[in-house]
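To start, the structure under review is shown below, and the notes come after it.
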Protein chains: 2
Amino acid sequence: MAEPTRYAELARQLSAVGAVKRELARNLSSSCPAGSVAALLVVEEHGDLRIGRLAELLAVDMSVTSRHVAHLADRGLLERTCDPADKRSRILRLTPDGRSVLDELQRRSTALLAERLSEWTDDEVGELTRLMARLRASFGDVRARATANT
Amino acid sequence: MAEPTRYAELARQLSAVGAVKRELARNLSSSCPAGSVAALLVVEEHGDLRIGRLAELLAVDMSVTSRHVAHLADRGLLERTCDPADKRSRILRLTPDGRSVLDELQRRSTALLAERLSEWTDDEVGELTRLMARLRASFGDVRARATANT
DNA sequence: TATTGTTATACTCTATAACTATA
DNA sequence: TATAGTTATAGAGTATAACAATA
């Protein structure tokens, strides 16, 4: 349990991190919208999954996810196959093209971060990444965890 | 200088942190839009400043900032006074009402984070906050630094 | 001429609600 | 009845471009 002022400072940094994301997005200027890329990344990270599960992991409404998935499928970056066990469901899978897009994006974001964070040590970058992942697990995955077993 | 894979992992976490921000915003459900609150926080943090400077710190276009500021001024949370040294400029200042809104929001976000991050130590929360602030300084403030002396 | 700020327009992301198909 | 997904609509956030006032 941390001191109360710690939480206020963290909340402020969370609000301010939007500036970093905007700068990153501007410099990457991908052909694929950022929201769709976020969805693609989750599919890559978690492997095949349903749309509802993807929505939980993204912490957005299923309707939003459905649109992103439709967009990605139209572009051939994602594959929607019917779930034989539940004909209402559709299983999402990354296509080779989808993987190419992510690889390219990763290559460019890595180069950009390497430039901007040249004064950071390996440990510092790793520590920030680890803590952000833990923040997501502690804070953002509540709904995802709650329904992960259904 | 960190290993290349570190940067890719950080980029992924930056993409995913949106989920945390959405969860936070949902649970706070402020009367004031998140974008305007972000602007208000920067004014509080940096003291009186011009709209152009605020736009740099937020890493958004000045037109966007102008709209947020107009919205905040309409609600009486921000004050726009003319700069005597440059009649094109307007100096922004937090009003007592603006401070009240931020105080209330801080109170609620602190309570929410305290609940979700109950297993984090004081040092861990502090370290994440420190690294996020440094990320913002290293990555996001490039344009802001470049024009800070003009 | 250049700069500060505003406004008009368009695009992306999101949520809510109504709907279809299946369980 | 309940659930998985889709679609229509509306609201917030942002960028670009055209504009007004001042430097």
Side-chain angles (χ1 to χ4, degrees), chain A residues 15-40 42 49-56 58-75 78 80-92 143 147 150, chain B residues 15-40 42 49-56 58-75 78 80-92 143 147 150:
Chain A
S15 170
V17 80
V20 176
K21 295 185 70 174
R22 279 187 291 274
E23 273 288 323
L24 196 60
R26 237 188 304 271
N27 284 280
L28 256 43
S29 67
S30 164
S31 63
C32 199
S36 296
V37 170
L40 213 52
V42 171
L49 36 68
R50 293 177 307 170
I51 298 201
R53 173 67 177 150
L54 177 57
E56 287 165 358
L58 289 168
V60 296
D61 193 84
M62 200 195 297
S63 65
V64 175
T65 308
S66 178
R67 282 182 60 121
H68 283 157
V69 165
H71 182 251
L72 290 166
D74 286 347
R75 300 207 172 191
L78 215 55
R80 285 180 290 194
T81 60
C82 285
D83 183 351
D86 184 343
K87 287 178 185 167
R88 294 171 305 179
S89 268
R90 310 175 77 171
I91 304 295
L92 305 177
R143 296 185 305 177
T147 56
T150 59
Chain B
S15 169
V17 79
V20 176
K21 294 185 71 174
R22 279 188 292 275
E23 274 287 323
L24 196 60
R26 238 188 304 271
N27 285 281
L28 255 45
S29 66
S30 164
S31 63
C32 199
S36 296
V37 170
L40 213 53
V42 171
L49 36 68
R50 293 178 308 171
I51 299 200
R53 173 67 178 152
L54 177 57
E56 288 166 357
L58 289 168
V60 296
D61 192 84
M62 200 196 298
S63 65
V64 175
T65 308
S66 178
R67 282 181 60 121
H68 283 157
V69 165
H71 182 250
L72 291 166
D74 286 348
R75 300 206 172 192
L78 215 54
R80 285 181 290 194
T81 60
C82 287
D83 183 350
D86 183 344
K87 287 178 185 166
R88 295 171 305 180
S89 269
R90 309 176 77 171
I91 304 296
L92 305 178
R143 295 186 306 177
T147 57
T150 61

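We name chains A, B, ... by the order of the sequence lines, and we start the count at 1 in each one. No hydrogens, no waters, no symmetry mates; every other heavy atom, side chains included, goes into these values. Computed from a predicted model, the values in this text were never measured in an experiment.
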Check the distance between [N]'s [atom2] and [X]'s [atom1] and give it to me in whole angstrom.
X	N	atom1	atom2	result
Lys21(B)	dC13(C)	NZ	P	15 Å
Arg50(B)	dT22(D)	CZ	P	16 Å
Arg80(A)	dA4(D)	CZ	C1'	13 Å
Glu56(B)	dT4(C)	CD	C1'	12 Å
Arg90(B)	dT6(C)	CZ	C1'	9 Å
Ile51(B)	dA20(D)	CD1	C1'	15 Å
Leu54(B)	dT6(C)	CG	C1'	15 Å
Leu92(B)	dT4(C)	CG	P	14 Å

query: How does protein contact run along nucleotides 7-17 of chain D, one letter per nucleotide 5' to 3', with B for base contact, S for sugar-phosphate only, - for none, heavy atoms under 4.0 Å?
result: B----SSBBBB
statement: Per-nt protein contacts along nucleotides 18-23 of chain C (heavy atom under 4.0 Å; B base, S backbone sugar-phosphate only, - none) come out as ---BBS
Candidate pair Ile91(B) and Arg80(B), rule side-chain contact (heavy atoms from CB on, under 4.5 Å), full reasoning: CA-CA 6 Å; Ile91(B) 304 296; Arg80(B) 285 181 290 194; over 6 Å; no
Distance-minimising heavy-atom pair for Ser30(A) and Val37(A):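 Shortest heavy-atom contact: OG-CG2, 4.5 Å.
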task: Kindly give the heavy-atom pair with the smallest separation between Arg22(B) and Leu58(A), and that separation in Å.
output: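 Looking at all heavy atoms of both residues, the closest pair is NH2-O, 2.6 Å.
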Residues that Asp86(A) engages under side chain to side chain contact (heavy atoms under 4.5 Å, CB included), provided they are two or more places apart: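 Per chain and number, Asp86(A) pairs via side chain to side chain contact (heavy atoms under 4.5 Å, CB included) with Asp83(A), Arg88(A), Ser89(A).
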message: Do Lys21(B) and Val17(A) make a side-chain contact, defined as non-hydrogen atoms from C-beta onward lying under 4.5 Å apart?
response: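 With C-beta onward as the side chain, the pair touches.
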query: Among Leu72(A), Leu92(A), Val69(A), whose side-chain contact (heavy atoms from CB on, under 4.5 Å) with Leu40(A) holds?
result: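 Between Leu40(A) and the candidates, side-chain contact (heavy atoms from CB on, under 4.5 Å) is satisfied uniquely by Leu72(A).
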message: Can you see if the side chain of Arg53(A) gets near the phosphate of dG5(D) - specifically, an N or O under 4.0 Å from OP1 or OP2?
response: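 No.
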task: Check the pair Thr81(B), Arg90(B) against side-chain contact (heavy atoms from CB on, under 4.5 Å), reporting the backbone distance first and the verdict last.
output: CA-CA 5 Å; Thr81(B) 60; Arg90(B) 309 176 77 171; over 6 Å; no
- request: Tell me, with the steps shown, if His71(B) and Arg75(B) meet side chain to side chain donor-acceptor pair (under 3.5 Å).
  value: CA-CA 6 Å; His71(B) 182 250; Arg75(B) 300 206 172 192; 3.3 Å; yes
- prompt: For the side chain of Arg67(B) and the backbone of Met62(B), is there at least one donor-acceptor N/O pair under 3.5 Å apart?
  reply: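 Not at all, since once roles are kept as given, no pair shorter than 3.5 Å links the two residues.
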